[in-house]
Amino acid sequence: MIKFVLMVNRQGQTRLSRYYERVEVTRRAALEADVVRCCLSRKKEQCSFVDHRDVRLVYRQYAALYIVVGVTDTENELSIYELIHNFVEVLDKYFSRVVSSDPINQPTNQPTSHQSCVCVCVCVFVSLQSELDIMFNLERVHVILDEMIQNGHVVETNKSRVLAPLHALTKMADAS
Amino acid sequence: MALKIVKGSIDRMFDKNLQDLVRGIRNHKEDEAKYISTCIDEIKQELKQDNIAVKANAVCKLTYLQMLGYDVSWAAFNIVEVMSSSKFTYKRIGYLAASQCFHESTDVIMLTTNQIRKDLSSPNQYDTGVALTGLSCFVTPDLARDLANDIMTLMSHTKPYIRKKAVLIMYKVFLKYPESLRPAFPRLKEKLEDPDPGVQSAAVNVICELARRNPKNYLSLAPLFFKLMTSSTNNWVLIKIIKLFGALTPLEPRLGKKLIEPLTNLIHSTSAMSLLYECVNTVIAVLISLSSGMPNHSASIQLCVQKLRILIEDSDQNLKYLGLLAMSKILKTHPKSVQSHKDLILQCLDDKDESIRLRALDLLYGMVSKKNLMEIVKKLMLHVDKAEGTTYRDELLTKIIDICSQSNYQYITNFEWYISILVELTRLEGTRHGHLIASQMLDVAIRVKAIRAFAVAQMATLLDNAHLLTGNMQRNGICEVSYAAAWICGEFSEHLENPMQTLEAMLRPKVATLPGHIQAVYVQNAAKLFATVLKSQEGNTDSTAAQETSQLMIERLPLFVQSANLEVQERASCILQLVKYIQKLQQKDVEVAEEVSALFAGELNPVAPKAQKKVPVPEGLDLDAWINEPPSESESEDEQPKAIFTKEETKHSRPRHIEVDEKELARRREARKQEQANNPFYIKASPSSQKVYQDTPGVEHIPVVQIDLSVPLKVPGLPMSDQYVKLEEERRQKERAEKKKKEKKKRKEKRSGRGKKHDSGPESEEDITPAHMVDIVTEEMPENALPSDDDDKDPNDPHKALDIDLDNLGEMAGRRPLADSEKLPVRSHRAVEAAKSPGEDGDAETVATQQPKKKSGKDKRDDKKKDKDKERKKSKDEKKKKKHKHEEKEEDLLRGEVHEPVVQSEGISQVAELPTSTSAEVSDLDFWLSNAPVPSNTQVESPPLPLPLISSVNTPLIHSMNYWSVICCFFSRNLSLYCLPMWISDLFFCLVLIFLTLVFFDTASSLKGHITLSSSILQPSSV
């Protein structure tokens, strides 16, 4: 089960946080700081799984942005690792609004060989602009995340289906 | 009115939105807190406006601020307002904010129930979706109870988007409202076969999560999951199902047999590493649960190890890490197959990633044998020297000690080597684990009698050179080692070659810079040494030498008398007086050595740390019964604190107690106080110094002086462990040659300890004999020690409540139908229906449509509890019946028909139809399993028993132990008690306490529990 999802930048500032288990607001800041310190201190050649107290952290770094997922020890680490990438791809698709000619547009709802290369556009996405994108559209990023993970479980990995509610939201906003 | 709206929208134009807020915070890097507080003020203003758009915007900003760690609970009501907006855009923001900041104790949550219900039944699927998502974050027991039925209806919504969300949220509902599990379960099970893969996956997720905690209730679903596993192509789902099987197999070994084949197929065919890893993990779990059952599982274990080797050899660090992690699971049951990859593991020790190195270390722990221990430890010692970063080096140090000391020093053949390794480890700079090394030294020296002479010699050298080490000793925890060294030298001083030299080393002025608790041990053991020295010197009839020794003590001890540490001061002044008295006697030419050494006579036996706890309560002894009548309530306040134990009983105390004359009581009390004051043995409530001493071993608080020494000190005279490796080689070769000569002679191995039971190493290991016959004394335990360990489960675990028997809920409607009271509460505006006829009870499927009688919440719950208890009993009875009928039933099933023997229990009529789509042949687990390829003639009657993973026999040999003699022994040498290892002195302290309370038990009535205990303990001596 997934316990929390965090997005932090290299300065350790939280850009997105979502908890699937109740954590007191006062304790969140401390927890986040710990987690960030734990992940930021690791070098590139180190593996992406760390045990931190009673959570196992799975993290991935995209340029200046770290995405950290805390899971219970019963979760499959590699699938979470895949999930993070999938999430970033969805964000990328939504914010850069890449047209369908893009190779990653094909729905991949399977954790394939986890070494699937990091697409070029992902790297482009994760720049300062992307960090701002996330901050400015916090509630939309939350919609995306909620579509993908609910209750600590993966619900949807198909990109177009994840984005469907968001598009509906945009339509509604345009209509009004 | 119109003007107001226009004004509102104009205001809105100037409002900050989220973007502005984010930009603003970025632009105010220096005074961020101040900027945010002004923003919060603005938000508060905005929230006061009527315009919902403004409010939504404000709430949106609040969500961001909440993420940054600001408390926004004050806006809870506004969030509810935004949640109830009719526009999806705002509603979404409201729900998001709620899901981020609401929790069970948020009181406005109860206002949301109706709003959420409305949203759940909204025609717009996104409204429903957003409500479900939000609810999953802040569901409370009340919400769960009120909304369970609505969510259950949504589980069969036409849109898969809603269905999957509803299914997932049911898990949270179950946790908060366990009563909903039984009624909802049939539908949940149905969803496993939903046409939409998303819903299917959600159902699998929920059931996996439930089954992980209470696997036995979900065994009956195994056939269904098996079908899913072989048919599904969705890796996410497959991973979950395989995980679930991993949890189920320990309960049902036959399931494991059935699983091996498809799992190995998957391992061969899949390209997804995550799936491969999961399969390997589950195969391992299956093999662990089978362990003995299957003859040809070595092939699958080989396959796993092979695949893991590929993972570990991969250049990707993640795979390497996981490979090692899985390998350590195999190691527990099949150490041999892992041991062949020792090269690979040792290679990983050189990896650049620390976490991989740590995993490799974990593996090494299980890979050692008598043969390779020295070699492995030697490698580790090299790593210790090379390692940069103290955390990793500390980890190495603990691992070395763990590896060596595991299962009671099972793998150590040469304790001289081990002692020298420990001594070498003391040369580490900056380690925090000085106390660990120290406790190992103490443990080995006390328990391995044969090694004492060697250990004492080593410790004496260590003490002698302590002044060389002190520089870097003080900076770190290493100084703890001198604690052990001093104690060993003092306690086993008869083995010392030159006690005088050691005595001088112990009394050096430099010692005074050590932490207090160590100095205390130094002082105490100096006294022990003094006794030994006196004995040898008086034996030589050289009276001047003995007097010189006393003089030395008298000169050096005042340094410690002035110590700031109370413990040191007390001991030093006590010993100083003693020595002065001895000197007086010496001057009169009186022989004192005998009497002085009698102070420290006697052998100390190691006592197991849990020994005291395990003393069984003798039959017929009631620890709660009063020995003396408790003092009555009328006694004045100063007796009050003692009343902790008497709260209940005093109520029933006889009335005549109250009649006791007030004056008489006062007089008695006065007399008692007087007695206590005069009694030196009376233990007062204030914390004793000993207690303080016991708490001190933590080394973090020791003030440290930074002295940098760039060159590691090479201490002369300290042994090198390497030489032992060589010696050991030679010895083994010699032994081998010898053995060839007298091959026929069977040698009896006199190796003590329970280690043998664990011995799973290769046969040849048995050939290696220890260098010296080591008599490892097992720790003493009281007679008839209770084997139980208190590893109670967490009583607060929410999953405990979900341990509900779900078997046969749908298919075998007769077994345990849903009771009326178990149905989910449904909100109803209609009049209360008349009491139901019991005939409707069995029908699980009608729950959703029925309107059960409405009661006030509390009544209902109470009723439910009662009903539940009844039901439990009932189901138990029925299970018994079921067992008897099982065989018969199986025959029925074989004929392909389900003729359920109708159990006419309590006159409930049955609904015989099968409500779910699950077909009859998969409904019976036993039938399904009996189709397993492996011919299993296990009886159906015997319920599968969970196999213990590792059958470790941890009950140590119980030595008889006479407590009385222990007390006497301690009294005879009460001076040395302070420097005993902590657990002994702990035990001793309790015993003294017991003893004293027994003597004065008429006064110390508050300790009644101990008194009764002590009387039972002391029985043997009084008989």
Spell out, as yes or no, whether a donor-acceptor pair under 3.5 Å connects the side chain of Gln100(B) to the backbone of Ser17(A).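 Checking the backbone N and O of Ser17(A) against the side chain of Gln100(B), a donor-acceptor pair under 3.5 Å is found.
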Keeping Asn151(A) on the side-chain end and Leu168(B) on the backbone end, is there a donor-acceptor pair under 3.5 Å? yes
Smallest separation among heavy atoms of Ala168(A) and Tyr126(B), with atom names: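 So the minimum-distance heavy-atom pair works out to CB-CE1, 3.4 Å.
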Distance (rounded to the nearest 0.5 Å) between [X] [atom1] and [Y] [atom2]:
X         : Y         : atom1 : atom2 : answer
Ser79(A)  : Lys240(B) : OG    : NZ    : 7.0 Å
Asn76(A)  : Leu275(B) : CG    : CG    : 8.5 Å
Ile149(A) : Thr133(B) : CD1   : OG1   : 12.0 Å

Are more than 12 heavy atoms from other residues, nucleotides or ligands located less than 6.0 Å from atom CZ of Arg27(A)? no
Taking every heavy-atom pair that is under 4.5 Å apart, which of [options] has the most such pairs with chain B?
options                                 : answer
Arg15(A), Arg28(A), Arg18(A), Glu32(A)  : Arg18(A)
Thr14(A), Leu16(A), Thr74(A), Val155(A) : Thr74(A)
Val154(A), Asn137(A), Val143(A)         : Val143(A)
Glu147(A), Glu21(A), Gln150(A)          : Gln150(A)

Between [X] and chain A, which part of the residue has a heavy atom less than 4.5 Å away: side chain, backbone, both or neither?
X         : value
Tyr64(B)  : both
Ser201(B) : side chain
Phe102(B) : backbone
Leu132(B) : both
Ser99(B)  : both
Lys165(B) : both

Out of [options], return the one with the most heavy atom pairs under 4.5 angstrom to chain A.
options                         : value
Gly198(B), Ser355(B), Ala202(B) : Ser355(B)
Leu322(B), Thr63(B), Leu18(B)   : Leu322(B)
Asp71(B), Ile93(B), Ile169(B)   : Ile169(B)
Phe138(B), Tyr70(B), Tyr161(B)  : Tyr161(B)

Run Glu209(B) and Thr72(A) through side chain to side chain contact (heavy atoms under 4.5 Å, CB included) and show every step you take. CA-CA 11 Å; Glu209(B) 206 59 38; Thr72(A) 54; 5.5 Å; no
Residue pair Leu78(A) / Leu319(B), side-chain heavy-atom distance below 4.5 Å: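 Counting from C-beta outward, Leu78(A) and Leu319(B) do come under 4.5 Å.
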Are Glu77(A) and Tyr277(B) packed together at the side-chain level, in the sense that at least one heavy-atom pair is separated by less than 4.5 angstrom? yes
Full working for side chain to side chain contact (heavy atoms under 4.5 Å, CB included) between Trp236(B) and Leu83(A): CA-CA 10 Å; Trp236(B) 295 103; Leu83(A) 180 75; 3.8 Å; yes
Report yes or no: do Ser48(A) and Asn318(B) form a side-chain donor-acceptor pair below 3.5 Å?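 Judged by distance alone, the side chains do pair up.
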Salt bridge present between Lys43(A) and Glu354(B) (N-O < 4.0 angstrom): no
May I ask you to decide whether Lys243(B) forms a salt bridge with Glu75(A), counting only side-chain N to carboxylate O separations under 4.0 Å? no
Taking the inter-plane angle between the rings of Tyr171(B) and His153(A) on a 0 to 90° scale, is it parallel (under 30°), tilted (30 to 60°) or perpendicular (over 60°)? perpendicular
Report the C-alpha distance between Lys352(B) and Gln46(A) in whole Å, list the side-chain angles of each, state the deciding distance to 0.1 Å, and finish with yes or no for side chain to side chain contact (heavy atoms under 4.5 Å, CB included). CA-CA 8 Å; Lys352(B) 50 198 171 204; Gln46(A) 296 195 306; over 6 Å; no
Given heavy-atom pairs under 4.5 angstrom as the criterion, report whether the side chain, backbone, both or neither of Tyr20(A) touches chain B. backbone
Part of Arg42(A) within contact of chain B (heavy atom distance under 4.5 Å):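 Just its side chain gets close to chain B.
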